[in-house]
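Single-structure report; data block below.
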Amino acid sequence: MIVGRFAPSPTGPLHMGSLVTALASYLDIKQRGGEWFVRFDDIDPPRQDPDAIEHILTALDAHGLASDRAVDYQSNHSQRYEAALAKLQSQCFHCSCSRRSLAGIRVYPGICRNETEPRPDTALRLRMPDREVGVDDGILGLRTFNLAEAFGDTIIRRRDGLWAYHLATAVDDGNDITHVMRGQDLFETTPIHVYLMELLNLPVPVYSHLPLLRFDDGSKLSKQTHAPAVDNTCAADNLRHVLSLLGQNPPAEPDWSVGQWLGWGTTAWQVEKVPPTLANFTKKP
Ligand code: GLU
């Protein structure tokens, strides 16, 4: 069974950059005859926007991107993450270093590596070995990273007790996702996910990392850069625009409906046509 997911963090409304990821992952999975669903990565309440989930679901619905399964929420998976943590325990240590004390340091220098006793107010870090991990990406090709050099010991549970993105995502994707398609900003930490899956004996999905949609100044569309919400009243035009950004050469059919665009896209989708960079986001399509 082929399974893919779109996994937004509910920090703000769906913008054109997230529509690129949602549509590409949807078409890729649909073309393979698989199941596609929405999973909210809602494990960081301080960063979340209480209206975001509803906004995102409304926007996906307007664009015809219907989840084949019940919408999933990482906040419901604590037991799964606890079980994973229990398996990783012997490779973790308690770290009391503050973010401020590590400011400017790219790779954690191992200060607390020998702290195996649990203490309050500490983060849990996974020891990273001096080992190469390769990721054979469907868009970027094969790249190899040294875990210790590229990442260093990585936080898997935060000091405030919240699950780290890497642990939650590796556990959920390793659970039953066969194909992950997401933005290229996440490519550089994918070896952490692959390594975690390996330690947990989980199957590694096929990864494909899409070029990011950027403003003219080079910043990526995000909540921080105030990317505007997609306009649901012109969903069919948005789909055509995104297909065009993704290099799929959609025909000029001004009257096509959302369903027609998704049907065309599912048949026509070719990941090889995705350009290395996307045309900048300058104005509403
Ligand atoms: N939740 C992440 C985000 O919105 C994406 C996670 C993923 O696709 O792995 O940036």
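Because the structure is a prediction, the values reported are computed rather than measured.
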Are any non-hydrogen side-chain atoms of Met181 and Leu210 less than 4.5 angstrom apart? yes
Tell me, with the steps shown, if Arg157 and Trp163 meet side-chain contact (heavy atoms from CB on, under 4.5 Å). CA-CA 5 Å; Arg157 203 188 57 212; Trp163 298 109; 3.9 Å; yes
Decide yes or no on side-chain contact (heavy atoms from CB on, under 4.5 Å) for Thr169 and Arg182, but give the supporting numbers first. CA-CA 12 Å; Thr169 296; Arg182 59 187 176 188; 3.9 Å; yes
Going from OG on Ser75 to CG on Asp44, what distance comes out if it is rounded to the nearest 0.5 angstrom? 12.0 Å
Among Thr58, Ile53, Leu60, whose side-chain contact (heavy atoms from CB on, under 4.5 Å) with Ile56 holds? Leu60
Minimum-distance pair of heavy atoms, taken over all atoms of Glu253 and Trp261: O-CZ2, 3.7 Å
Return the orientation label for the His193 and His166 ring planes: parallel under 30°, perpendicular over 60°, tilted otherwise. tilted
What distance separates Leu167 CG from Leu126 CG, expressed to the nearest 0.5 Å? 9.0 Å
Donor-acceptor pair between Ser219 and Asp217 side chains, under 3.5 angstrom: yes
For Thr154 and Gly152, indicate whether the former's side chain and the latter's backbone hold a donor-acceptor pair under 3.5 Å. yes
When rounded to the nearest 0.5 Å, the distance separating CG of Leu19 from CG of Leu213 is 9.5 Å
Do Val194 and Tyr207 come close enough that some side-chain heavy atom pair is under 4.5 Å? yes
With rounding to the nearest 0.5 angstrom, report the CD1 to CZ distance, Ile29 to Arg5. 10.0 Å
Begin from the C-alpha positions of His209 and Thr190 and carry the test side chain to side chain donor-acceptor pair (under 3.5 Å) through to its verdict. CA-CA 10 Å; His209 286 86; Thr190 300; 3.2 Å; yes
Report, as yes or no, whether the 6.0 Å neighbourhood of atom CD on Glu82 holds more than 12 heavy atoms from other residues, nucleotides or ligands. yes
Less than 4.5 Å apart, side chain to side chain, heavy atoms only: is that true for Phe37 and Ile177? yes
Could you check whether any side-chain heavy atom of Pro211 comes within less than 4.5 Å of a side-chain heavy atom of Val20, counting everything from C-beta outward? no
Does atom CZ (Arg69) have a neighbourhood of more than 12 heavy atoms from anything else shown, all under 6.0 Å? yes
Tell me if the CZ atom of Arg143 is crowded by more than 12 foreign heavy atoms within 6.0 Å. no
Would you say that more than 12 heavy atoms from the other residues, nucleotides or ligands in this model lie under 6.0 Å from the CZ of Arg119, or not? yes
Are Asp41 and Arg39 close enough for a salt bridge, meaning some N to O gap below 4.0 Å? yes
Tell me, do Glu115 and Thr122 make a side-chain contact under 4.5 Å, heavy atoms counted? no
Just wondering, do Cys97 and Tyr108 contact through their side chains at under 4.5 Å, heavy atoms? yes
Taking atom types as modelled, is there a side-chain donor on Asn238 or His63 under 3.5 Å from an acceptor on the other? yes
For Ile155 and Ala123, which heavy atoms make the closest approach, and how far apart are they? CD1-CB, 4.1 Å
Taken to the nearest 0.5 Å, the spacing of Leu262 CG from Leu23 CG works out to 6.5 Å
Criterion side-chain contact (heavy atoms from CB on, under 4.5 Å) on Met1 and Thr178, from CA distance to verdict: CA-CA 8 Å; Met1 179 64 173; Thr178 59; over 6 Å; no
Intermediate values then yes/no, side-chain contact (heavy atoms from CB on, under 4.5 Å), Val133 and Phe145: CA-CA 5 Å; Val133 164; Phe145 301 75; 5.6 Å; no
Heavy atoms of other groups near Asn76 CG, more than 12 under 6.0 Å: yes
Residue pair His55 / Leu14, side-chain heavy-atom distance below 4.5 Å: no
For Gln89, does the CD atom sit with more than 12 other heavy atoms under 6.0 Å from it, leaving out its own atoms? yes
Measuring only between side-chain heavy atoms, which start at C-beta, is Leu147 closer than 4.5 Å to Pro191? yes
Asp153 pairs by side-chain hydrogen bond (donor to acceptor under 3.5 Å, both in side chains) with which of Arg113, Arg127, Arg125? Arg113
Are there more than 12 heavy atoms of other residues, nucleotides or ligands under 6.0 Å from atom CD of Glu54? no
If I take atom OH from residue Tyr195 and atom CG from residue Leu200, how far apart are they, to the nearest 0.5 angstrom? 10.0 Å
Polar side chain donor-acceptor pair, His77 to Asp172, under 3.5 angstrom: yes
